[in-house]
Student: 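Mind having a look at this structure? Questions to follow.
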Amino acid sequence: MRVFKFGGASVKDALGVKNLVSVLEEVGHENTLIVISAMGKTTNAMEVVIGNYFNNQAELQAALQDVIKYHNQIIIDLFENERHSVFNTVKTLFEELKAFLKTNKSPDYNFVYDQVIGYGELVSTTIISAYLNEVGYKNNWIDVRQLIKTDDYYRRANVNWDQTQTNILTHINTNQLNITQGFLGSDKNNFTTTLGREGSDYTAAIIAYCLNAESVTIWKDVPGVLNADPRYFENAQLLNVISYTEAIELAFYGASVIHPKTLQPLQRKEIPLHVKSFIQPQNNGTVVKKFKGIDPVVPCFILKQNQVLISLSTLDFSYVVEENISEIFNLLSKYKMKVDVIQNSAISFSVCFENNYNNLEPLLLHLKAKFKVTCHDNVSLFTIRHYNEQAIQKLEKGKTILLKQMYQNTVQIVTK
């Protein structure tokens with residue numbers, strides 16, 4: 001069986017859904033499972049709904065109505081029959097969402113986030129499954145929450161692999177075309193959980209691992225994995241082949257094409273990962289497989305924005321020793337900060353991290369009780385894999401360098 005994953009950009013409108021059918025016509029659809037994200041920018045729109053639910057109830061219904069209208073327009077553009085059952089199916093899903101927002105008693109933002117955000121995937125797959133049936137591609141729509149079981153770490157849940165594998169082997173018929181959602185799972189109480197932003201790639205890898213799939217293909221609006229994001233860097237080059245190890249390194253440092261967790265289950269079973277263009281599906285794209293390094297060997301540039309850099313020193317100018325470092329990392333873990341770079345000397349310790357849970361202020365208050373703290377918010381972290389001097393000079397030109405760290409194959413630079 002093959003596993004395909006289509007992201008939001010590929011199905012942002014009716015033309016995108018029709019193009020998905022064209023891709024299946026080009027590459028075949030037999031013995032295939034398709035993982036699909038929310039359409040277009042729906043996840044962002046749903047985050048607005050969640051924000052209004054907590055902070056601006058007056059705008060809640062308008063924000064939700066925008067999401068509903070967007071999807072209804074896609075249905076209208078896809079189906080000639082205005083009485084097609086998909087209209088009622090989607091309406092029922094949105095009624096479920098409205099009911100949750102009306103009756104929920106939990107003040108936990110992360111819990112509410114996961115219960116609300118997943119309707120984007122549920123609706124997108126419902127529409128696409130119905131359209132595929134309409135044009136002759138009979139398929140089985142599956143609620144991925146019945147397959148992937150997790151703990152209750154909302155917004156970044158951890159997979160229960162044994163239970164998930166049992167569910168997948170039980171519920172998926174590999175002899176037919178299957179459609180399911182990315183990004184989602186459920187906990188032991190059947191509340192919806194999510195695997196982290198961009199978690200649809202991870203979903204595809206989880207299912208591929210459990211089914212011993214022959215391959216995973218991620219369909220993107222780019223020709224494959226590039227050595228740099230063309231939105232921020234000029235003259236980006238296509239990487240033809242990447243080893244699992246190299247791809248995991250790139251993902252760890254923040255390369256946006258591949259989710260950091262996606263590659264590990266694929267590597268364990270040596271399942272190749274293809275990254276291809278849904279605009280030109282006949283092209284080879286990039287393959288991640290058992291290999292050494294990358295081809296071609298060129299510097300790879302990665303940018304992570306909206307980072308926080310803090311520098312710490314002891315109040316009495318004593319050495320920063322193991323006890324201090326242990327306490328710092330315990331606090332970073334407590335406040336759910338994702339660490340990207342650390343650097344220390346005898347009397348100072350610097351760390352660059354992502355403040356995804358908006359816990360910076362309480363973290364700083366806690367740190368200031370024991371350390372002298374300097375904080376730079378909204379900084380950029382640049383990483384270059386396989387760097388050379390020319391690449392570093394070009395990157396640093398015109399920037400204020402706050403931190404720089406070099407390893408054998410990697411340089412990381414924090415700028416303001």
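On a predicted model such as this, the values are computed, not experimentally measured, just so you know.
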Student: Give a yes-or-no answer on whether the side chains of Gln307 and His376 include a donor-acceptor pair shorter than 3.5 Å.
Tutor: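 Result is no, nothing qualifies.
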Student: Do the numbers put Lys399 on top of the ring of Phe382, so that NZ or CZ is under 6.0 Å from the six-membered ring centre and no more than 45° off the axis?
Tutor: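 Flagged: Lys399 positioned over aromatic ring of Phe382.
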Student: Which class fits the ring pair Phe4 and Trp219: parallel under 30°, tilted 30 to 60°, perpendicular over 60°?
Tutor: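 Ring orientation, 0 to 90° scale: perpendicular.
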Student: Atom CD1 of Ile206 and atom CG of Leu195: how far apart are they, to the nearest 0.5 Å?
Tutor: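 Answer for the CD1-CG pair, Ile206 versus Leu195, is 5.0 Å.
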Student: Heavy-atom count check: over 12 atoms from other residues, nucleotides or ligands less than 6.0 Å from Glu80 CD?
Tutor: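 It does not: Glu80 CD has 12 such atoms or fewer within range.
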Student: Going by atom types only, do Glu361 and His366 share a side-chain donor-acceptor pair under 3.5 Å?
Tutor: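 No, His366 and Glu361 have no side-chain donor paired with an acceptor closer than 3.5 Å.
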Student: Are any of the side-chain nitrogens in Arg155 or Asp114 under 4.0 Å away from the carboxylate oxygens of its partner?
Tutor: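 Salt bridge between Arg155 and Asp114, a charged N being under 4.0 Å from a carboxylate O: no.
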Student: Please say whether the positively charged group of Lys336, taken as NZ for Lys or CZ for Arg, lies over the ring of Tyr153, i.e. under 6.0 angstrom from the six-membered ring centre and within 45 degrees of the axis.
Tutor: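 Judged by the rule (NZ or CZ under 6.0 Å from the ring centre, within 45° of its axis), Lys336 counts as positioned above Tyr153.
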Student: Checking side-chain polar atoms at under 3.5 Å, does Thr150 have a donor or acceptor matched by the opposite partner on Thr193?
Tutor: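 Yes.
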Student: Just to verify, what does Lys98 make a salt bridge (Lys or Arg N to Asp or Glu O under 4.0 Å) with, not counting sequence neighbours?
Tutor: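 Expected list: Glu95.
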Student: Applying the side chain to side chain donor-acceptor pair (under 3.5 Å) test to Tyr154, which of Asp187, Asp108, Asn110 qualifies?
Tutor: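 That would be Asp187.
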Student: Is there side-chain contact between Cys352 and Val414, with heavy atoms separated by less than 4.5 Å?
Tutor: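 The answer is yes; the side chains approach within 4.5 Å.
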Student: About how many Å separate CG of Leu395 and CD1 of Ile401, when rounded to the nearest 0.5 Å?
Tutor: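 Atom-to-atom, Ile401:CD1 and Leu395:CG are 7.0 Å apart.
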Student: At their closest point, which heavy atom of Cys210 faces which heavy atom of Thr164, and how far apart are they?
Tutor: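 It is SG-CG2, 4.3 Å.
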Student: Could you tell me whether a side-chain N or O of Thr286 sits under 3.5 Å from a main-chain N or O of Gly224, the two making a donor and an acceptor?
Tutor: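 Not confirmed, Thr286 side chain does not pair with Gly224 backbone.
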Student: Counting only heavy atoms not in Gln57, do more than 12 sit closer than 6.0 Å to its CD atom?
Tutor: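 For Gln57, atom CD is crowded (more than 12 foreign heavy atoms under 6.0 Å).
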Student: Between Lys304 and Glu354, is the closest basic N to carboxylate O distance under 4.0 Å?
Tutor: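 A salt bridge links Glu354 with Lys304.
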Student: Assess whether ring-ring contact (aromatic ring centres under 6.0 Å, His included) is satisfied between Phe111 and Phe191, documenting all intermediate values.
Tutor: CA-CA 9 Å; Phe111 170 78; Phe191 288 116; 5.1 Å; yes
Student: Has Lys269 got its NZ or CZ under 6.0 Å from the middle of the six-membered ring of Tyr209, at an angle within 45 degrees of the ring axis?
Tutor: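 Lys269 over Tyr209 ring: yes.
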Student: Indicate yes or no for a side-chain donor-acceptor contact from Asp221 to the backbone of Phe278 under 3.5 Å, with no hydrogens or angles considered.
Tutor: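 Such a contact is absent between Asp221 side chain and Phe278 backbone.
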Student: Any side-chain donor paired with an acceptor under 3.5 Å for Ser215 and Arg2?
Tutor: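 No.
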Student: Could you tell me whether the side chain of Asn19 and the main chain of Ser22 form a donor-acceptor pair under 3.5 Å?
Tutor: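 Not confirmed, Asn19 side chain does not pair with Ser22 backbone.
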Student: NZ of Lys188: more than 12 outside heavy atoms within 6.0 angstrom?
Tutor: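 Check fails, neighbour count at 12 or below.
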Student: Tell me if the NZ atom of Lys338 is crowded by more than 12 foreign heavy atoms within 6.0 Å.
Tutor: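 Yes, NZ of Lys338 has more than 12 neighbouring heavy atoms, counting only those of other groups under 6.0 Å.
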Student: Closest heavy-atom contact between Val112 and Phe100?
Tutor: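 Looks like CG1-CE2, 4.1 Å.
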Student: For residues 166-173, which side-chain donor-acceptor pairs fall under 3.5 Å, sequence neighbours excluded?
Tutor:
unit_1 : atom_1 : unit_2 : atom_2 : d
Thr166 : OG1    : Asp162 : O      : 3.1
Asn167 : ND2    : Gln146 : O      : 3.3
Asn167 : ND2    : Leu147 : O      : 3.2
Asn167 : ND2    : Gln163 : O      : 3.4
Thr170 : OG1    : Thr166 : O      : 2.7
His171 : ND1    : Asn167 : O      : 2.9
Asn173 : OD1    : Asn175 : N      : 2.9
Asn173 : ND2    : Gln176 : OE1    : 2.9

Student: Answer yes if the side chains of Trp141 and Thr125 hold a donor-acceptor pair under 3.5 Å, and no otherwise.
Tutor: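 Note: Trp141 and Thr125 side chains meet the donor-acceptor criterion.
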Student: State, without any angle test, whether Ser200 and Ser37 hold a side-chain donor-acceptor pair at a distance under 3.5 Å.
Tutor: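 The answer is yes; a qualifying pair exists.
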Student: Look at atom CZ of Phe349 and say whether more than 12 heavy atoms of other residues, nucleotides or ligands are closer to it than 6.0 Å.
Tutor: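 Yes, enclosed.
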Student: Side chains of Tyr387 and Asn409: donor-acceptor distance under 3.5 Å anywhere?
Tutor: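 Per modelled atom types, Tyr387 and Asn409 side chains form no pair under 3.5 Å.
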Student: Can you name the side-chain contact (heavy atoms from CB on, under 4.5 Å) partners of Asn56, sequence neighbours left out?
Tutor: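 Only Asn52, Ala58, Glu59 meet the side-chain contact (heavy atoms from CB on, under 4.5 Å) criterion with Asn56.
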Student: Tell me, please, which residues at least two apart from Glu396 pass salt bridge (Lys or Arg N to Asp or Glu O under 4.0 Å).
Tutor: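 Result, salt bridge (Lys or Arg N to Asp or Glu O under 4.0 Å) vs Glu396: Lys404.
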Student: Any donor-acceptor pair under 3.5 Å linking the side-chain atoms of Thr92 with those of Thr89?
Tutor: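 The criterion, which ignores hydrogens and geometry beyond distance, is not satisfied for Thr92 and Thr89.
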Student: Within the supplied structure, the quantity of interest is the number of heavy atoms (other residues, nucleotides, ligands) at a distance under 6.0 Å from Asn378 CG; does it exceed 12?
Tutor: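 Yes.
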Student: With a 4.0 Å cut-off on N to O distance, would you call Glu246 and Lys292 a salt bridge?
Tutor: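 Salt bridge flag = no for Lys292 with Glu246.
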Student: Kindly write out the residues that satisfy salt bridge (Lys or Arg N to Asp or Glu O under 4.0 Å) with Lys69, not counting sequence neighbours, or none if the list is empty.
Tutor: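 Counting only residues at least two positions away or on another chain, Lys69 forms no salt bridge (Lys or Arg N to Asp or Glu O under 4.0 Å).
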Student: With a 3.5 Å distance limit and no angle check, can you tell me whether His71 reaches the backbone of Val67 through a side-chain donor-acceptor pair?
Tutor: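 At least one qualifying donor-acceptor pair exists.
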Student: Examine the side chains of Tyr113 and Glu47 and answer whether a donor and an acceptor come within less than 3.5 Å of each other.
Tutor: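 Tyr113 vs Glu47: donor-acceptor pair found between side chains.
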Student: Could you tell me whether the side chains of Gln405 and Gln343 share a donor-acceptor contact shorter than 3.5 Å?
Tutor: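 The answer is yes; a qualifying pair exists.
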Student: Which residues pass the side-chain contact (heavy atoms from CB on, under 4.5 Å) test with Ser186, not counting sequence neighbours?
Tutor: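 Ser186: side-chain contact (heavy atoms from CB on, under 4.5 Å) contacts with Arg145, Lys149, Asn190.
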Student: Centre-to-centre under 6.0 Å for Tyr109 and Phe54, is that the case here?
Tutor: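 Between Phe54 and Tyr109, which both carry aromatic rings, the centre distance is below 6.0 Å.
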Student: Examine distances only and state if a side-chain atom of Thr32 and a backbone atom of Gly28 form a donor-acceptor pair shorter than 3.5 Å.
Tutor: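 Not a single qualifying donor-acceptor pair exists.
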Student: Is the shortest side-chain heavy-atom distance between Ile36 and Thr180 below 4.5 Å?
Tutor: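 A side-chain contact is absent here, since even the closest heavy-atom pair is not under 4.5 Å.
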Student: Per the side-chain contact (heavy atoms from CB on, under 4.5 Å) rule, which among Val216, Ile242, Leu239 passes with Val288?
Tutor: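 Looking at Val216, Ile242, Leu239, the match for Val288 under the side-chain contact (heavy atoms from CB on, under 4.5 Å) is Ile242.
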Student: Would you say the side chains of Tyr53 and Asn104 form a donor-acceptor pair under 3.5 Å?
Tutor: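 Tyr53 vs Asn104: donor-acceptor pair found between side chains.
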